[in-house]
Each structure stands twice: as C-alpha cells, then as structure tokens.
Amino acid sequence: MLYNIVTFGCQMNVHESEKIAGMLENLGYTQTNSKEDADIIVFNTCAIREGAEDRALGNIGNLKKMKRANPNKIIAVAGCMTQQKSVAEKLFKTFPFIDIVIGTHNLYDLPNLINKKLKEQKRSLENKVSGEIIENVPTVRTSGENAWVNIMYGCNNFCSYCIVPYVRGREMSRKKGDILNECKQIINSGKYKQITLLGQNVNSYIDPDNSEYNFANLLSDICKIDGNFNLTFMTSHPKDISDEVIDLISKENKILKELHLPVQSGSNKILKSMNRKYTREHYLDIVQKLKSKVPNIRLTTDIIVGFPGETEDDFDDTCSLIKEVKYDGIFAFMYSKRSGTVAEKMENQVPEDIKNYRVNKVLEIEKQIQNDKK
Ligand code: SAH
Ligand code: SF4
Ligand code: F3S
C-alpha cells in the first residue's frame, strides 16, 4: 500500500506532514511520488492567503478523475483550511470523492478515520477544537540534514490580518523535557546536522511546568547537548525577542547567525492597525542591537503590502525601513482578506493593482540591496 502527501504552507505544515507520514507508515503504507499509484493521498492545506487556498482547491479538484478510475483510492484533506468549520463543510459537500476531512486539532485521529473508511466504507469530517498536545507521534523526517522540532503550537497574538490563531488555536508550549529528549534523539541518531525549532512565536515559549523557564533557557539547554550540530528557530515576533536571546545568538557557537524577524510594515499607523504591538522605532532598535552584537547576522523578514488603509506615505515608510535594515531576504505578500479576522471588516481596502505595484516595488528594492552587497 502506497501513500502520497501534498503539503502547502509553512514549515509547521511541512513538519506535520512528516508526522502524517509517520502515522501512515505505522499503518503499513510506503511513500510514493506518484498520485496515480497511491492508495491514499493526503493534502495538508494552508489558509494563510486566498492564493494558498485556491491552489489547494485546484489540486484537490483535479483528483476527481483519478478517484473515478480507482474508487478505492482514499483521499484525505487535512491542515489549516479544514480547521475552518464552513470551509470543511463545504469541502465535504462539494467534493464527494474526498473520504476524510480532518482539522489541525484532530490530526492524530487520522489512522482511525482511515480504518473507518477501509472497514465500514464511511466518510468522515472531524475538526473539533482541542487543547491537548500529543507527544511521541511517529515521524518520518524528510528535510535532509535538518530536523524540525515543534516547541509550541497555536498563537495568541491575533494580528488583525491573520487567520492562524483561528485555525491553530491558542498558544501551547511543549514541556521542556519532551523537547530536550526529542533534540537528543535527533542528535544521537547521527543523521542530522541542524535542528530548527518551530513555533508561530518561539520567543514567547514558557515551559508549562515552570513559568520561569523561557525561550532563552531552552536555547541554552539545547546547546548543551553533546554533538556537532547547528541550531536555529522560527518565527520570532519582534515584540517578544529578549536581550538574552540576542546575547545567545551572539555567544553560542551552535546557534546560526541568522534571524527571521517579520516586520510586516514600516508605518506606525499600519503596525498599530495590524495589532503588531511594536513601533518602527522599537523594531529598528532591535535590529541595531542584533547588528552590533552579531556583526554578520543574516536578517530576513516578511512584508505585507496593501493592508487596509495603507497610503502611499505608509508604503514609503515600509520602503525606507527596508533600505535602512538592508535585509538579506524578504518574503513580500499582498494583503489577502481572511474571513473572521478583524481586518476583514476594515474600511479602505486597497485595490489589487496598487497591491501588485507595491509588492513588485518591494522586490525591486530587495534586488537592489542584494546587488549593492555584492
Ligand atoms: N507567526 C509568524 C508568521 C506566520 S504567517 C509571525 O508572526 O511572524 C507568515 C506570514 O504570512 C506573515 O508573517 C505575514 O507576512 C503573512 N500573512 C499572514 N496573514 C496574511 C494575510 N492575510 N495576507 C497576506 N499575508 C499574510
Ligand atoms: Fe499570525 Fe501574528 Fe500569530 Fe504570526 S504572530 S501567526 S502573524 S497572529
Ligand atoms: Fe498556512 Fe497554517 Fe502555516 S495557515 S502558514 S499552514 S500555520
């Protein structure tokens, strides 16, 4: 029996697909790159922007013919799209060839739902919200010498444009002991040279058993594990990154000299309306500190252009901030309205052609910065 997993979205989803693979291999399936040959296809979806959802829907729609040719093929849709109640129900109704629709909170129930399909020929839709962290999930790591390690799930920040808190639930940190054990196992296996810690906001990590034990403590403890490996992490919210963490990046040889620090906008008015809880000045102070303590640090960021109410002046503030920081890499996105978020209802939505112009402008500035650095 063969499985094929199609992953959309962020590293969190890439890692979750490794856990889906682990569960499927435990059931006796083996990986294949061919959707035609697969006995089960799992789509791990992303809901961050409309484009991501459309891509997933297009891919899923294309399976209709394949299912007709082989009615025994199981088709499952998981991930952030399916955690939205209305989207999950719509998927289940409009695509009768989908056998399993499963939300992010229920992923570990996938083997049960597969068995239900195999034994009783029953379709399932499951996306109840749960506040539980499941440990010891079998994992088939697929990112070469890098091993992803989740340190927390969910998000409490409610940036006004973002759907993640709605589809991933409230922030929950894993126990420090569980994280350290996983890291030790990874290093002792001898297969990996790098660990990347994952969370929507790693800097707000707190051990659930000890409120004094924070992200900096976790980083130093992981660095103490014997072995030759690099350590890095994502994502850092500028409002939470501490001086201790900056010092560790500078002092710990194992921590890579790189940081992804999403700024989203350079305009204080827009940052406030995005509910980001820092100002342009505060952000630039952090960058200053980072650059003085870690001279060759590789800084990358995310930018959203065309957030509701973004004027030409606000956009100029973003451009000037980018030029001041001189990032080593930028992910620039056109604002996409997400249902249920605060920004969805905001006035002064920006027309698509202006968003398009602005996103290209950001990429142009970025190219110029890279050329100047050469
Ligand atoms: N937790 C991370 C980011 C998760 S989403 C953080 O806070 O930095 C990754 C990126 O997608 C965000 O940084 C943002 O730039 C972008 N993004 C999120 N929601 C978006 C939306 N509605 N439209 C466009 N881009 C969005
Ligand atoms: Fe979304 Fe903001 Fe949470 Fe990042 S911190 S996942 S952008 S709500
Ligand atoms: Fe997408 Fe979910 Fe990640 S919405 S960006 S896959 S947390």
Side-chain angles (χ1 to χ4, degrees), residues 6-17 20 43-56 77-84 87 103-105 107 127 148 150-172 197-205 233-241 259-266 270-271 273-278 283 299-308 310 318 322 327 329-346 349-350 352 355-356 358-359 362:
V6 188
T7 310
F8 301 89
C10 63
Q11 285 77 11
M12 206 77 72
N13 256 20
V14 171
H15 184 40
E16 241 143 53
S17 287
I20 296 175
F43 285 93
N44 197 6
T45 61
C46 169
I48 201 83
R49 284 170 289 276
E50 204 178 337
E53 291 201 334
D54 289 347
R55 260 198 314 281
V77 184
C80 293
M81 270 176 85
T82 55
Q83 192 59 47
Q84 305 165 84
V87 178
T104 55
H105 293 263
L107 196 60
N127 68 355
W148 308 106
N150 256 121
I151 65 166
M152 63 206 303
Y153 299 92
C155 183
N156 286 349
N157 290 317
F158 290 94
C159 302
S160 60
Y161 49 82
C162 185
I163 200 156
V164 171
Y166 304 91
V167 292
R168 290 279 174 176
R170 291 299 68 72
E171 202 170 278
M172 284 186 294
L197 305 178
L198 292 178
Q200 292 300 348
N201 184 11
V202 287
N203 287 278
S204 65
Y205 175 84
F233 49 86
M234 63 187 7
T235 302
S236 296
H237 193 305
K239 80 177 167 56
D240 293 313
I241 190 157
L259 190 70
H260 185 59
L261 198 62
V263 67
Q264 315 298 357
S265 168
I270 297 295
L271 285 171
S273 164
M274 286 177 162
N275 194 28
R276 287 292 285 181
K277 303 197 177 82
Y278 53 84
Y283 183 91
L299 273 177
T300 54
T301 202
D302 292 343
I303 301 278
I304 297 179
V305 301
F307 183 80
E310 185 186 68
T318 299
I322 295 172
Y327 291 103
I330 296 179
F331 299 91
F333 307 108
M334 291 192 274
Y335 167 72
S336 168
K337 220 190 223 187
R338 302 285 67 206
S339 139
T341 60
V342 171
E344 182 198 5
K345 304 264 156 39
M346 285 181 183
Q349 298 280 336
V350 175
E352 288 304 302
K355 288 186 203 168
N356 224 318
R358 290 182 184 165
V359 85
V362 168

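Here the structure is a predicted model, which means the values were calculated and not measured. Values below: every heavy atom of this structure, side chains too, minus hydrogens, waters and symmetry copies. For ligands, and for the atoms within them, numbers begin at 1 and follow the listed sequence.
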Margin query: So, 4.0 Å and heavy atoms of E50: is ligand 1 close enough to count as a contact?
Written below: no
Check: What do you reckon, does V164 put a non-hydrogen atom under 4.0 Å from ligand 1?
Finding: no
Next item on the list: Scan V359, V350, I304 and name whichever one has a side chain to side chain contact (heavy atoms under 4.5 Å, CB included) with M334.
Entry: V359
Notebook entry, point to check: Using heavy atoms and a threshold below 4.0 Å, how should the contact between P262 and ligand 1 be classified: side chain, backbone, both, or neither?
Noted result: side chain
Note to self: Tell me whether atom 2 (Fe) of ligand 3 has C46 as a neighbour, meaning an N, O or S atom of it below 2.8 Å.
What the structure shows: no
Notebook entry, point to check: If you measure from each non-hydrogen atom of Y161 to ligand 1, which part falls under 4.0 Å: side chain, backbone, both or neither?
Noted result: both
Notebook entry, point to check: When the ring centroid of H260 is compared with that of F233, is the distance short of 6.0 Å?
Noted result: no
Note to self: For atom 1 (Fe) of ligand 2, which protein N/O/S atoms fall under 2.8 Å? Skip waters.
What the structure shows: C162 SG
Check: Of the choices Q264, Q200, E344, which has the non-hydrogen atom that lies closest to atom 15 (O) of ligand 1?
Finding: Q264
Check: Is the shortest distance from a heavy atom of M81 to ligand 3 less than 4.0 Å?
Finding: no
Check: Which ligand 2 atoms, with their elements, are less than 4.0 angstrom from a heavy-atom of H237?
Finding: 5 (S)
Notebook entry, point to check: Taking T45 as the fixed residue, which of V77, V6, V167 is the one that meets the side chain to side chain contact (heavy atoms under 4.5 Å, CB included) rule?
Noted result: V77
Item checked: Sub-4.0 Å atoms of ligand 2 with respect to non-hydrogen atoms of R276 -> 2 (Fe), 7 (S)
Notebook entry, point to check: Under 4.0 angstrom from ligand 1, any heavy atom of M334?
Noted result: yes
Margin query: Against ligand 3, does M12 come closer than 4.0 Å with any heavy atom?
Written below: no
Notebook entry, point to check: So which bit of T341 gets within less than 4.0 Å of ligand 1, heavy atoms only: side chain, backbone, both or neither?
Noted result: neither
Check: Is it true that H237 lies under 4.0 Å from ligand 1, counting heavy atoms only?
Finding: no
Notebook entry, point to check: Is ligand 1 less than 4.0 angstrom away from at least one heavy atom of I48?
Noted result: yes
Note to self: Could you tell me, atom by atom, which parts of ligand 3 come under 4.0 Å of a heavy atom of N13?
What the structure shows: 6 (S)
